[in-house]
2 protein chains.
Amino acid sequence: MEIINNVENVKSQMRKGVLEYCILSILAKKDSYAPALIAELKQAKMIVVEGTLYPLLIRQKNQGFLTYRWEESPQGPPRKYYTITEKGRAALQEMDQAWQDVVNSIQYIKNEL
Amino acid sequence: MEIINNVENVKSQMRKGVLEYCILSILAKKDSYAPALIAELKQAKMIVVEGTLYPLLIRQKNQGFLTYRWEESPQGPPRKYYTITEKGRAALQEMDQAWQDVVNSIQYIKNEL
DNA sequence: AATTAGTACCTTGCAAAACAAAGTACATGA
DNA sequence: TCATGTACTTTGTTTTGCAAGGTACTAATT
């Protein structure tokens, strides 16, 4: 069981690294709000929970990567819809490169080292 | 500069997630010791420093993924050579899958969401 | 009017881990 | 014996994911 536990941990670590990248990538396509983001990430098999996502969105907003607006919900309380900014798109481009770099590094280690 | 700083941070986060995986991958090919590992990771453009690597090796040893032996150096103090164990190889296989899962998730988010 | 269920947002406390920086120790040659 | 190079370790700080608990709004049910 220990191996599984550790691999779960590594998996969680790997998620950490790309979560910010995933959020910006999704919001680059269309505005969204927290529970919808969680559902979309789940669909991509990238598990996130509220306690992780909300602080992350707030951090990204504080960095100027996102803005938000309140929108009425057809059912329940209003939703906080996040929109990516120009600055956020610029950061996303950098992250695309960063992600590619990591993928290349792994490939190098696996095949060429 | 702020964007660059944040991207550096994200890059560092991404590294975090795969570092343990990289170490096991390298040691699966041949035994090594800390400064040599640092050099090899640097060659793969995956920057790590001593303060990160040494505790990581100790953790992996404590989990039973690695063992070590002391070996004389042609120059300087003896080296601690790490060897991957069977348990370590099993964990590495799991991590191969975990890494592939993350790659697939990103791909899904980018192309199919 | 009060209660319940569903939805949404936020915060607190804890644990893990990367990193910078400083420290210890051994070997070799000047 | 002192300086230099190599190697291993530890300490303190900071970041961040996550579990758990809390607040608040809406609509349907009693």
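Proteins get letters first, then strands, A, B, ... in listed order; numbering begins at 1 in each.
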Asker: What are the 5'-most and 3'-most nucleotides of DNA chain D lying under 4.0 Å from any heavy atom of chain B?
Answerer: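 Nucleotide range with atoms under 4.0 Å of chain B: D/dG5 to D/dT16.
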Asker: Expressed as a whole number of angstroms, how long is the span from A/Glu50:CD to C/dG6:C1'?
Answerer: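 My rounded result for the distance is 13 Å.
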Asker: Without decimals, in angstroms, what is the distance between A/Leu37 CG and C/dA8 C1'?
Answerer: 13 Å
Asker: Of all the nucleotides listed (C/dA22, C/dC19, C/dA17), which has the minimum atom distance to the side chain of A/Gln13?
Answerer: C/dA17
Asker: Looking only at the side chains, is there a donor atom on one of A/Gln100 and A/Asp96 sitting less than 3.5 Å from an acceptor on the other?
Answerer: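 Not at all, the side chains of A/Gln100 and A/Asp96 share no donor-acceptor pair under 3.5 Å.
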Asker: Is it the case that atom CD in B/Gln93 sees more than 12 heavy atoms from other parts of the structure closer than 6.0 Å?
Answerer: no
Asker: In whole angstroms, how far is the P atom of C/dT7 from the OH atom of A/Tyr81?
Answerer: 14 Å
Asker: Pairing donors with acceptors under 3.5 angstrom, does anything connect the side chains of A/Tyr21 and B/Gln13?
Answerer: no
Asker: Within the pair A/Ser73 and C/dT7, is there a side-chain N or O less than 4.0 Å away from OP1 or OP2?
Answerer: no
Asker: Which residue lies toward the 5' end of DNA chain C, A/Gly76 or A/Pro55, if each is placed at its nearest nucleotide?
Answerer: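 Per heavy-atom nearest nucleotide, the more 5' residue is A/Gly76.
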Asker: Select from A/Pro78 and A/Gly51 the residue whose nearest nucleotide in DNA chain D is closer to the 5' end of that strand.
Answerer: A/Gly51
Asker: With nearest nucleotide decided by heavy atoms, which residue, A/Gln75 or A/Arg15, maps closer to the 5′ end of DNA chain D?
Answerer: A/Arg15
Asker: Let me know the distance between CG of B/Leu41 and P of C/dA18, rounded to the nearest Å.
Answerer: 12 Å
Asker: OH of B/Tyr54 versus P of C/dA21: gap in Å, rounded?
Answerer: 18 Å
Asker: Whole angstrom is fine here: how far is it from CD in A/Glu71 over to P in C/dA8?
Answerer: 12 Å
Asker: Which whole-number value in Å describes the distance from B/Leu56 CG to C/dA16 P?
Answerer: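 One finds 14 Å between P of C/dA16 and CG of B/Leu56, rounded.
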Asker: Which atom names give the shortest non-hydrogen contact between A/Ala36 and A/Ser32, and what distance separates them?
Answerer: CB-OG, 3.4 Å
Asker: What distance do B/Leu24 atom CG and B/Gln60 atom CD have between them, rounded to the nearest 0.5 Å?
Answerer: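 Going from the CG atom of B/Leu24 to the CD atom of B/Gln60 covers 4.0 Å.
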Asker: Taking the minimum atom-to-atom distance to the side chain of A/Pro77, which one of C/dC26, C/dA8, C/dA18 wins?
Answerer: C/dA8
Asker: Looking at A/Glu40 and A/Lys29, is any side-chain nitrogen of the basic one under 4.0 Å from a carboxylate oxygen of the acidic one?
Answerer: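 Salt bridge between A/Lys29 and A/Glu40, a charged N being under 4.0 Å from a carboxylate O: no.
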Asker: Taking ring-ring contact (aromatic ring centres under 6.0 Å, His included) as the criterion, tell me which of A/Phe65, A/Tyr68, A/Trp70 meets it with A/Tyr82.
Answerer: A/Tyr68
Asker: Between atom CG in A/Leu53 and atom P in C/dT11, what is the gap in whole Å?
Answerer: 14 Å
Asker: Looking only at the side chain of A/Tyr82 (C-beta and beyond, no hydrogens), which of the listed nucleotides C/dC10, C/dA20, C/dA18 gets closest?
Answerer: C/dC10
